[in-house]
Number of protein chains: 2
Amino acid sequence: MKQTEAPSTKERILDAAERLFAEHGFAATSLRTITAAARANLAAVNYHFHSKEALIRAVFARRLGPVNQQRLQLLEACQARAGKGPPRLEEVLEAFFGPALRLGRGLAQSGINFQRLMGRMYGEPGEHFRSMLQEQFAEVAVRFGEALRKALPELPPVELYWRVHFMLGAMAHTLTGVDYLPLFSGGQCDPSDVEGTVRRLVSFLAAGLRAPVAPRQASRSRA
Amino acid sequence: MKQTEAPSTKERILDAAERLFAEHGFAATSLRTITAAARANLAAVNYHFHSKEALIRAVFARRLGPVNQQRLQLLEACQARAGKGPPRLEEVLEAFFGPALRLGRGLAQSGINFQRLMGRMYGEPGEHFRSMLQEQFAEVAVRFGEALRKALPELPPVELYWRVHFMLGAMAHTLTGVDYLPLFSGGQCDPSDVEGTVRRLVSFLAAGLRAPVAPRQASRSRA
DNA sequence: GTCTATATGGGGATAGAC
DNA sequence: GTCTATCCCCATATAGAC
């Protein structure tokens, strides 16, 4: 393991930005606040990142790269285990959720901050985030899409899209909700139990994905 | 039906704010932009709403009141149908999702804007939103919590909390994703089909909520 | 209720010395 | 690579005339 040396200015800015963006949102966090927290000079942001928008991209890229790489790696492993047959649905889901949710464990507080960020990213307005999401997830989307189609051969593609959409929502909310769930469960649920979270999320979603396709109900009211 | 008269300044501001908040987020939308779009004077915001924060609350309260009222009404109906037995899970879910998702139909574009807003609200940072959520949903949360416990008598309460959490995530993402899903499905999914959306969401989530509780797996790696 | 004008503060970005 | 100083713009909020 690499010795933990004094982090560079660039890294301190990334760390501070990650934390503050997670706590207060992007628009509400000023570069001045970030550089103050990072014990760096205001101009350093523009020197290292050129603009606030580029800083945001850098914050995401730093963590999302490794996460997505690990996702693809786990997916390959589970496809290898399946041989020529369809991969097991639960394993595909775990390959997708595991790396993201385990960030909170590997990086301690920093990882938790990033989890919140990642979850919020999906709902963020503006074209900037839209395009970032598409870039970052392009390959992962294709590969996991294929795997899910194979794991659920009976499910019509349109229905699969819908269900993947629901699934991403559940994941995003689980990521942001690290501090939400204990609140409304009266402390009964503990999101710091990462493996428990993954297990619960996977079994919930696997059941949802396997649900029989609901028939178009006879139109009872023509509202 | 009430005649559609020229809306008052107050209403025009609410409409414009709703749309612009939905499109660009809260922090990124200035009162100047809002009043310009509403063809109102900048000072009118402070006259009618006192502050930007209060304006945000007003935007939510205007729609959420009726939605929650309708939710409780539908829940009562479905409990009445069940008599003394447990209510049917699918009906409980539909009572919860239906009113929110049907906003997009009843109010046309305005409703779609509000859907986006409502979905994003869950992920919004800051204590202000946290407390708004709790106020607005206090009664609904209690009543639907009870109903779900009755509909799923076998499920341990802790697991129910987790699953409700996942469920809210799927709903929030469905609300915000009105324009997201058609994009990545290549136009194959049509969120303007409200009843289809409700039906799909309900059957997906009902299956997830009914999933067998995953056993704590034997720890294979002590990572 | 609606306007103009303004108070007051903070934002992102950059020039140029060191 | 890091700093100070500054440009220029926009934000919310309010005072006070109409």
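Since we're looking at a predicted model, the values are computed, not measured. Lettering of chains follows the sequences in order, A, B, ..., and the numbering in each one begins at 1.
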Check the distance between D:dA11's P and B:H24's NE2 and give it to me in whole angstrom. 13 Å
Go through D:dA13, D:dA11, C:dG12 for me and flag the one nearest to the A:L31 side chain. C:dG12
According to a strict under-4.0 Å criterion, is A:N41 in side-chain N/O contact with OP1 or OP2 of D:dT4? yes
Return the orientation label for the B:W162 and B:F166 ring planes: parallel under 30°, perpendicular over 60°, tilted otherwise. tilted
Rounded to whole angstrom units, what separation is found between the CZ atom of A:F49 and the P atom of C:dG12? 15 Å
At less than 3.5 Å, do the side-chain atoms of A:R32 and the base atoms of C:dG10 form a donor-acceptor pair? no
Measure up the A:H173 and A:Y180 rings against each other and bin them: parallel (under 30°), tilted (30 to 60°), perpendicular (over 60°). tilted
Rounded to the nearest Å, what distance is computed from the OH atom of residue B:Y47 to the P atom of nucleotide C:dC3? 12 Å
Indicate whether OP1 or OP2 belonging to D:dC10 is found under 4.0 Å from a side-chain N or O atom of B:S30. no
Mind checking whether A:E135 and A:R57 have side chains closer than 4.5 Å, heavy atoms only? yes
Using a cut-off of strictly less than 4.0 Å, decide whether B:T9 has a side-chain nitrogen or oxygen near OP1 or OP2 of C:dG1. no
Winner on side-chain proximity to B:L42, out of D:dT2, C:dG1, D:dA13, is D:dA13
Let's see if you can work this out: which of D:dG1, C:dT2, C:dT14 has an atom nearest to the side-chain heavy atoms of A:N46? C:dT14
Identify whether any heavy atom of B:A43 sits under 4.0 Å from a base atom; if not, whether one sits that close to sugar-phosphate; answer base, sugar-phosphate or nothing. base
Output yes when at least one side-chain N/O atom of A:H48 is less than 4.0 Å from OP1 or OP2 of D:dT2, else no. yes
What do you reckon, are the aromatic ring centroids of B:F129 and B:F26 less than 6.0 Å apart? yes
Expressed as a whole number of angstroms, how long is the span from B:K52:NZ to C:dG10:C1'? 13 Å
